[in-house]
**Student:** 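Input: one structure, supplied below.
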Amino acid sequence: MQLRFQAHDISRTDRPDGSVLLRAREPLQPATRRTTDWLDFWAEETPNAIFLAERSAMGWREIAYRQARAAARGVASGLIHLGLTSETPVLILSGNSVAHGLLALGAQYVGIPIVPIAEQYARLPEAHGHIDDIVHLVRPGAVFVEDLAIAADLLARPTLKDLYHLSPSTMAKIANIGTERRVNVGSFHAAVGPETIAKILMTSGSTSAPKGVLTTHKMMCTNQAQLSQALPLLGARRPVLVDWLPWNHVFGGSHNFNLVLSNGGTLYIDAGKPVPGLIDTTLRNNRNQRATISFNVPQGFAALRDAMAVDAAFADAFFADLDMLFYAGASLPQDVWDDLHEMAHRARPGRDMPLFTSSWGLTETAPAAVLQHEPTDQAGVVGVPLPGVDVKLVPVEEEAGRFGIRVRGPSVFQGYFNDPGRSDEAFDEEGYFITGDAMRFVDPSSPSRGLRFDGRLSEDFKLQSGTWVRAAALRLQVLDRLQGLAQDVVLTGEGRQEVGVLIVPSPDLRHIATEDAGAMRLSDQARIADALAGMSGGVSARISRALILAEPPSIARGEITAKGNLNLARLRQHRSDLLARLYDDTDPATILIGGV
């Protein structure tokens, strides 16, 4: 089988104001009306094919398509029996699980929105205030947790105690009651259409407060139609995923879950993550099951690369059936890209290479809006507009070749939940969603070569001299130089003369650290200074000083978003005392970088 992208011919229109319009000339093909139509189709077409699977004491608990439809319809009848409607969503405080998936499908089957929340908010008592805020916003009628006993304190909160409390066991009970009372699921299902709200996804950028993104069946179904046109491999054989990406986030819960469902594939739910303590679970699951498509973030692929580098048999098994390797969330470091390519070549002598690709999009775009459309040897390329997506590139002031990207189309949302002010501000006068992200052309003379992601405009800042600091690109350079030393970094310097950096240290380094009045000092600070010394470019491209954070970013204080990203504005706000210390040359915790 020849595995390749469907190359799209891209039209380009240059406007007098410097903006550029891009669109795929290939028309968008019709999309399915409702996400649950896929479930009905595969339950009839391949009833015994495995849809969802999760680890159990005996290996894997596997749910076939016919079982999944019957369970989802049962859940739907139970939710209707409880009196839930489109006005009373189901709040899901759970990680990925079979029960979570069946609840989501049951709710969508009868037009009841789900509101999935990052499971860490439920696990951390100090973050429960964030849940209260969401409850006040969306006014749910029920809340789902995996274990009612473990979550008893959380469910006793005033905001949650009067809601229906659902768990895998109570779901089975309400499903039986709904079935016994002959709830007419079919009539409710018939009322669900493309514009019905399927999800309210909570999102926030690096600087903004959380917003509820109204996600319709049309948005998600259109996005899968777009992906199918761009990726012929999806129709060549049923996809198999071993995937951990969280379902409260659009990439895992809408993109990956629906890609499996729409194509009659199998999703093995990975309870691991690319973090210490959980990465071994991910490695074990990937050794146990062979995926045809591997989705991950760069940190996850780096961990897989490191494991396969010392285990050739694992590498051979990982790449044996792989059709596509897809990274998102950030640019894949070039060394990880190159190493994985080399491993794939060794594992598949004489065979086609799996496609290495990425795309770009946001929660508001359902998510994929542009997709890398042809094989490349470079990380960081995000591609061209998918069919049906109109892209407007608006030139960035004083930065030749850099554009802010705006999009519109049937997969783009229409507004935020109960927030008309921010909904209006999200779109320009032509109806394009203002994403806040920046792009550059891979080749300005050939738009079909695609776009390269160039950071978030809101993260850029000016020094006292008026010189812009391009934060996203500089952050990647700093992280590359601090490999093994930093888990993440926050660039500073707005209104100052020099760029500094607050460093979130790698967990592996904390055993050699000592506390110092709110800042962490490493016993070998010279390693930091040496790593950051000699960065080329002007003052806006070099780091003059660094300070190591003793206290990690806090989810409860909003310093980390539900996606796991740093909320830069909140972190700078809460660590203002450390910012002052960072720019104090006499403070012993401040690391001054030589060669600047």
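Only this structure's heavy atoms are used, side chains among them; waters, hydrogens and symmetry mates stay out. From a predicted model like this one, the values you see are computed outputs, not experimental measurements.
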**Student:** Output the distance between atom CZ (F319) and atom CZ (R348), rounded to the nearest 0.5 Å.
**Tutor:** 8.5 Å
**Student:** Between S94 and E146, is the side chain to side chain donor-acceptor pair (under 3.5 Å) condition met? List the steps.
**Tutor:** CA-CA 6 Å; S94 164; E146 291 287 341; 2.8 Å; yes
**Student:** Answer yes when R69 and E44 have at least one side-chain N-carboxylate O distance shorter than 4.0 Å, and no when they do not.
**Tutor:** yes
**Student:** Does D335 come within less than 4.0 Å of R305, counting only side-chain N to carboxylate O?
**Tutor:** yes
**Student:** Counting only N and O atoms by type, is there a donor-acceptor contact under 3.5 Å from the side chain of Y109 to the main-chain atoms of G186?
**Tutor:** no
**Student:** Taking N223 for the side chain and S411 for the main chain, is one N or O donor matched with an acceptor at less than 3.5 Å?
**Tutor:** no
**Student:** Using a 3.5 Å distance criterion without hydrogens, assess whether the side chain of R34 forms a donor-acceptor pair with backbone atoms of H189.
**Tutor:** yes
**Student:** So, for A230 and L386, which heavy atoms are closest and what is the spacing to 0.1 Å?
**Tutor:** CB-CD2, 3.6 Å
**Student:** Would you sort out whether T203 and L362 count as a side chain to side chain contact (heavy atoms under 4.5 Å, CB included), showing the intermediate values?
**Tutor:** CA-CA 9 Å; T203 185; L362 303 170; over 6 Å; no
**Student:** How far apart are the C-alpha atoms of L340 and V336, what are their side-chain angles, what is the distance that settles it, and do they pass the side chain to side chain contact (heavy atoms under 4.5 Å, CB included) test?
**Tutor:** CA-CA 6 Å; L340 291 172; V336 178; 3.9 Å; yes
**Student:** State, without any angle test, whether N296 and W244 hold a side-chain donor-acceptor pair at a distance under 3.5 Å.
**Tutor:** yes
**Student:** Please check this pair: side chain of K199 against backbone of G253, looking for a donor-acceptor N/O pair closer than 3.5 Å.
**Tutor:** yes
**Student:** For D480, what residues pass the side chain to side chain donor-acceptor pair (under 3.5 Å) criterion, not counting sequence neighbours?
**Tutor:** Q483
**Student:** Let me confirm one number: the OG-CH2 distance from S97 to W247, rounded to the nearest 0.5 Å.
**Tutor:** 6.0 Å
**Student:** Check whether any side-chain heavy atom of D270 sits under 4.5 Å from a side-chain heavy atom of T281, and report yes or no.
**Tutor:** yes
**Student:** Could you report the tightest heavy-atom contact between T292 and P239, atom names first, then the distance?
**Tutor:** OG1-CA, 3.3 Å
**Student:** What is the minimum heavy-atom distance between F251 and A328, and which atoms define it?
**Tutor:** CE2-CB, 3.4 Å
**Student:** Quick one, Y327 and S358 - any side-chain contact, counting heavy atoms below 4.5 Å?
**Tutor:** yes
**Student:** With a 4.5 Å limit on heavy-atom distance, are the side chains of L105 and L261 in contact?
**Tutor:** yes
**Student:** Side-chain contact test, heavy atoms from C-beta onward, threshold under 4.5 Å: evaluate it for V143 versus L155 and give yes or no.
**Tutor:** yes
**Student:** Please find the pair of heavy atoms, one from V110 and one from A76, that lie closest to each other, and give the distance.
**Tutor:** CG1-CB, 3.7 Å
**Student:** Any Lys/Arg nitrogen of R61 or E54 sitting under 4.0 Å from an Asp/Glu carboxylate oxygen of the other?
**Tutor:** yes
**Student:** Return yes if some donor-acceptor pair links the side-chain N/O of Q224 with the main-chain N/O of S262 below 3.5 Å, else return no.
**Tutor:** no
**Student:** Between R290 and V240, is there a side-chain heavy-atom distance shorter than 4.5 Å?
**Tutor:** no
**Student:** For G74, is there any backbone N or O sitting under 3.5 Å from a side-chain donor or acceptor partner on S77?
**Tutor:** yes
**Student:** Taking the six-membered ring for Trp, are F356 and H341 ring centroids under 6.0 Å apart?
**Tutor:** yes
**Student:** So which of W42, F257, F41 actually passes ring-ring contact (aromatic ring centres under 6.0 Å, His included) with F51?
**Tutor:** F257
**Student:** Will you find, in the side chains of N285 and Q289, an N or O donor that is under 3.5 Å from an N or O acceptor?
**Tutor:** no
**Student:** Side chains of W38 and T32 only: does a donor on one sit below 3.5 Å from an acceptor on the other?
**Tutor:** yes
**Student:** Looking at M219, is its backbone amide N or carbonyl O close enough to the side chain of T216 to form a donor-acceptor pair, meaning the two atoms are under 3.5 Å apart?
**Tutor:** yes
**Student:** Any side-chain heavy atom of T282 sitting closer than 4.5 Å to one from L278?
**Tutor:** no
**Student:** Are T215 and E364 side-chain neighbours, meaning at least one heavy-atom pair lies under 4.5 Å?
**Tutor:** no
**Student:** Checking side chain to side chain contact (heavy atoms under 4.5 Å, CB included) for the pair I200/I114: CA distance, chi angles, key distance, verdict?
**Tutor:** CA-CA 6 Å; I200 303 173; I114 60 169; over 6 Å; no
**Student:** Could you label the plane-to-plane angle of the F295 and H255 rings as parallel, tilted or perpendicular, counting under 30° as parallel and over 60° as perpendicular?
**Tutor:** perpendicular
**Student:** Walk me through whether V135 and R139 qualify under side chain to side chain contact (heavy atoms under 4.5 Å, CB included).
**Tutor:** CA-CA 5 Å; V135 171; R139 302 294 180 184; 5.7 Å; no
**Student:** Before you tell me yes or no, could you show the steps for S554 and E559 under side chain to side chain donor-acceptor pair (under 3.5 Å), namely the whole-Å CA-CA distance, both residues' side-chain angles and the distance that decides it to 0.1 Å?
**Tutor:** CA-CA 5 Å; S554 166; E559 294 175 340; 5.0 Å; no
**Student:** First locate atom CD1 of I131, then atom CE of M202, and finally report the distance between them rounded to the nearest 0.5 Å.
**Tutor:** 11.5 Å
**Student:** Distance from T266 atom OG1 to L241 atom CG, nearest 0.5 Å?
**Tutor:** 9.5 Å
**Student:** Quick one, E45 with R238, criterion salt bridge (Lys or Arg N to Asp or Glu O under 4.0 Å). Give me CA distance, side-chain angles, the key distance, then yes/no.
**Tutor:** CA-CA 13 Å; E45 187 76 9; R238 297 171 59 250; over 6 Å; no
**Student:** With rounding to the nearest 0.5 Å, note down the distance linking CD1 in I548 to CG in L485.
**Tutor:** 8.5 Å
**Student:** Counting only pairs under 3.5 Å, give me each side-chain donor-acceptor contact of residues 311-318, with atom names and distances, residues two or more places apart or in other chains.
**Tutor:**
from, atom 1, to, atom 2, distance (Å)
D311, OD1, A313, N, 3.3
D311, OD1, F314, N, 3.1
D311, OD2, R287, NH2, 3.2

**Student:** Do any pairs count as a salt bridge (charged side-chain N to carboxylate O under 4.0 Å, His left out) and have a residue in residues 156-182, sequence neighbours left out, and if so which ones?
**Tutor:** D132-R157
**Student:** Check whether any side-chain N or O of N288 sits under 3.5 Å from a backbone N or O of R284 as a donor-acceptor pair, and report yes or no.
**Tutor:** no
**Student:** Show the nearest heavy-atom pair for residues P113 and I197, with the distance to one decimal.
**Tutor:** CG-O, 3.9 Å
**Student:** Is there a side-chain contact between V213 and Y416, using heavy atoms and a 4.5 Å cut-off?
**Tutor:** yes
**Student:** Counting distance only, does the side-chain N/O of S228 pair as donor-acceptor with the main-chain N or O of A225 below 3.5 Å?
**Tutor:** no
**Student:** Starting at CG of L259, measure out to CG of L267 and round the result to the nearest 0.5 Å.
**Tutor:** 10.0 Å
**Student:** Which atom pair, heavy atoms only, marks the closest approach of N258 to M220?
**Tutor:** ND2-SD, 3.3 Å
**Student:** Please check: side-chain N/O of T179 versus main-chain N/O of A175, any donor-acceptor pairing under 3.5 Å?
**Tutor:** yes
